[in-house]
Amino acid sequence: MAQIFLCAGVILLASLMTCHAAISVTLDLEPADHGQLFNLENEDGSVILSGHIGRNLETPDNLKATQNGSCINFSSIGTELNEVLEDCIDFGDAHWYGGPEQSRQYWPLDNVTFSEYSYVTKSQDNQGIAERYWLSSAGVYIYVEPDVPLFIDLNNHVNKSICFIAKSSAPYLSTEVPQLKYKVCASENAKEAHKNAVLDVLGKPEGYPDERMITHPIWSTWARYKRDINDSVIVNFANEILSNGFNNSQLEIDDQWEICYGAMTFNKNKFPDPKNLTDTLKSMGFRVTLWVHPFINILCDPWLTEATDNAYLVYNNTGNTTLTTWWNGIGSAIDFTNPEAAEWHVTRLKNLQEEAGIDSFKFDAGEMSWLPQPPRLDSSSYPYPDVYTHSYVNAMSSFGSMIEVRVAERSQNLPIFVRMLDKDSNWDWNNGLKTLVTTLLQMNMVGYPFVLPDMIGGNGYEGAPSKELFIRWLQANVFMPSLQYSYVPWDYDDETVQICKVYTDLHAQYADVIINLAAKAVQDGSPINPPIWWIDPSDETAQTISSEYLLGENILVAPILDEGAESRDIYLPQGQWHDELRNEQISGPTWLRNYSVSLSELAYFTRVTTVNVK
Ligand SMILES: *[C@@H]1O[C@H](CO)[C@@H](O)[C@H](O)[C@H]1NC(C)=O
Ligand SMILES: *[C@@H]1O[C@H](CO)[C@@H](O)[C@H](O)[C@H]1NC(C)=O
Ligand SMILES: *[C@@H]1O[C@H](CO)[C@@H](O)[C@H](O)[C@H]1NC(C)=O
Ligand SMILES: *[C@@H]1O[C@H](CO)[C@@H](O)[C@H](O)[C@H]1NC(C)=O
Ligand SMILES: *[C@@H]1O[C@H](CO)[C@@H](O)[C@H](O)[C@H]1NC(C)=O
Ligand SMILES: *[C@@H]1O[C@H](CO)[C@@H](O)[C@H](O)[C@H]1NC(C)=O
Ligand SMILES: *[C@@H]1O[C@H](CO)[C@@H](O)[C@H](O)[C@H]1NC(C)=O
Ligand SMILES: *[C@@H]1O[C@H](CO)[C@@H](O)[C@H](O)[C@H]1NC(C)=O
Ligand SMILES: *[C@@H]1O[C@H](CO)[C@@H](O)[C@H](O)[C@H]1NC(C)=O
Ligand SMILES: *[C@@H]1O[C@H](CO)[C@@H](O)[C@H](O)[C@H]1NC(C)=O
């Protein structure tokens, strides 16, 4: 039995009490069939976490378990190319959070399953963010290193567990011996664990996004018009927004304005004079942003030829092709891991921006799955293919704090909005309204506080949202960092316009609060919209609530997320709460059962006294 004793050294010297943020843990390893079992134990011998390592210390596998502060760092390197390294960590009685963005975004992960699921950014399941980070209500976080060719198994075994599998096969390069390296860190509770993770592995933002994007709605052409846009459609859209009395942060011209994808040149049939259009929109009080993407489609010349001749494109692994299929056809992707290619792309965008009077951009795509598979990238840090996503987002961030991206990969430092992947216009867990709240929580808790919720009412890929869904969607969105309209209130009726004005104004009234929280995120990496357990990590009821969220630590939002519902159960954690709808004081922790909320109402609560939580 090997024992490793851990505690933050300075606190250990100071007293024999348990450490505060970081706690003292012992690692117990015990040989077992096919490897060894391990327990992470508290000072009093209680087990914090158990797991199974698929190898033995004595085998040729280069396994190391080293202590560093209150963390244990597991590091194994395989001995041959086709070796599969697998370690499992039991969920135990704890609830787990974190993991990837998903179209079915459940919260917590208790009942989620994955089977040898590749852990890269990919269009499958809307996995735009795949940070290798998990957090448990028992106060433990796990971080897997970026260069591990990682697959995960979740809840696929007798015990509920998460298994990390390192295997050198697609979508990873198959010529490197796999390695499995991760870190398990214990703290007093999940909040402390997450704060330590921000300092140690996730990082925090260096600035925050544009304040007008936080305050007033973005208006996008996408959901309402799809690709059927031209000069007059856009001017009419702008006129409608103003004549209905709504404010804006900007108007976003989405797909399809180019002569061919990657031309970065307006189609003159649809947009005879782009500069005139943007001047017109600006004279109406709009800023103008433009949808762009990282592809150049086949036959889109001379641009594709120029990029090919200069080796700016991503090839497949054997170097035979750059062609790949994306949702707008067949094309090639710029290799942003090649600095010259990134600069060429940025320069073209800057020229377009200047010529056409574009204020900023909506950067679409960026998942590694859009590349030829497996991709051969310029970067020396290969076999880590998500470096493509990382490099894309980094290069685009040079356009400043008014941009949006929809992917992220170790991008927590950037002062930009990360959009939720396209939501569908339904009430369900299948990428509908319920997942608006859980995706918000998931993104915040893997280190992305500047969440740009997707369009109010969803994208309408299977028809426009109903009036009820549209209104409930807006209400759920009010205390999130930004509002984005595409479907418009005046396409429903006057009541919808009136209700939407109220909530659009309510959001603007709270913009200062959101901006202050954004500044706090810059200081210490705090989430802007944490789950409700954030104010009492020991509250076992709060740990499983997926239909409420916080703005900071003093505003709790409980939107209606079910079709036809005019009431819901609401859980308030400890503290004195002011019910903003009923104008009453309520002491938490408590359940408000069957709390009625008509279509024009939103239940939210402000904390009047804060109770010290341990
Ligand atoms: C997981 O499933 C069990 C059994 O169906 C259910 O009781 C529990 O509430 C679920 N947990 C979550 C977090 O969804
Ligand atoms: C399941 O968990 C229990 C309790 O932690 C442990 O004793 C047992 O060995 C685990 N079973 C498997 C198959 O890992
Ligand atoms: C774990 O240890 C390895 C080898 O010492 C080191 O390279 C790696 O950065 C450590 N990982 C973490 C997450 O601390
Ligand atoms: C130990 O952890 C600290 C803080 O996370 C880190 O800076 C350092 O590189 C780690 N050392 C090793 C050997 O992993
Ligand atoms: C712009 O698009 C609209 C809607 O498809 C169409 O009715 C109109 O004729 C178009 N205008 C021009 C100038 O093409
Ligand atoms: C629009 O926003 C500006 C700046 O915040 C404000 O002065 C103005 O009153 C707002 N107008 C409407 C119609 O909300
Ligand atoms: C745009 O073009 C129209 C029609 O040619 C013209 O009337 C208008 O003055 C122009 N607007 C601007 C801002 O240049
Ligand atoms: C690369 O692309 C070529 C042409 O499409 C294909 O034949 C080849 O199998 C691909 N290489 C790999 C490693 O998939
Ligand atoms: C792909 O490229 C490799 C190396 O250049 C070459 O040997 C192979 O024949 C090519 N395969 C195809 C399908 O073009
Ligand atoms: C919830 O309240 C509504 C009225 O607000 C009432 O019609 C309904 O019966 C109540 N449901 C339950 C389960 O108490």
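For ligands, and for the atoms within them, numbers begin at 1 and follow the listed sequence.
- Thr318 and Asn320 are linked by a side-chain donor-acceptor pair at a separation below 3.5 angstrom, with hydrogens and angles left out of the test.
- Atoms of ligand 5 found under 4.0 Å from any heavy atom of Val233, numbered from 1 in the order shown, are 1 (C), 2 (O), 3 (C), 4 (C).
- At the shortest separation from atom 14 (O) of ligand 8 among protein heavy atoms lies Gln373 O, 3.6 Å.
- Applying side chain to side chain contact (heavy atoms under 4.5 Å, CB included) to Trp134 and the options Val446, Ile162, Val140 leaves one that passes, Ile162.
- For Glu80, the CD atom counts as densely surrounded, since its 6.0 Å shell holds more than 12 non-hydrogen atoms of other residues, nucleotides or ligands.
- Within a 4.0 Å radius of atom 5 (O) of ligand 5, the protein contributes at least one heavy atom.
- With respect to Asp110, the side-chain hydrogen bond (donor to acceptor under 3.5 Å, both in side chains) criterion is satisfied by exactly one of Gln543, His95, Lys160: His95.
- Atom 12 (C) of ligand 8 has Asn316 ND2, 3.6 Å as its closest protein atom, hydrogens excluded (heavy atom only).
- The minimum heavy-atom distance between Trp257 and Val292, with the atom names listed, is CZ2-CG1, 3.9 Å.
- Between Tyr141 and Tyr133, the ring-plane angle classifies as tilted under the 30° and 60° cut-offs.
- What sits closest to atom 13 (C) of ligand 1 on the protein, heavy atoms only, is Pro108 CD, 3.7 Å.
- In the displayed structure, Asp93 atom CG is contacted under 6.0 Å by at most 12 heavy atoms of other residues, nucleotides or ligands.
- The nearest heavy-atom contact from the protein to atom 8 (C) of ligand 5 is Asn230 ND2, 3.7 Å.
- Close approach of ligand 5 to Ser232 is summarised as follows: ligand atoms under 4.0 Å from at least one heavy atom of the residue are 1 (C), 11 (N).
- Of the polar atoms of Asn269, none of the N or O atoms is found under 3.5 Å from an N or O of ligand 5, judged by distance alone.
- Here Asp562 pairs with Lys434 in a salt bridge; the nearest charged N to carboxylate O distance falls below 4.0 Å.
- Any N or O atom pair closer than 3.5 Å counts here, and Thr321 shares no such pair with ligand 8.
- In this comparison of Val112, Ile545, Asn111, the heavy atom closest to atom 1 (C) of ligand 1 sits on Asn111.
- Residue contact check: Asp228 has heavy atoms under 4.0 Å from atoms 5 (O) of ligand 5.
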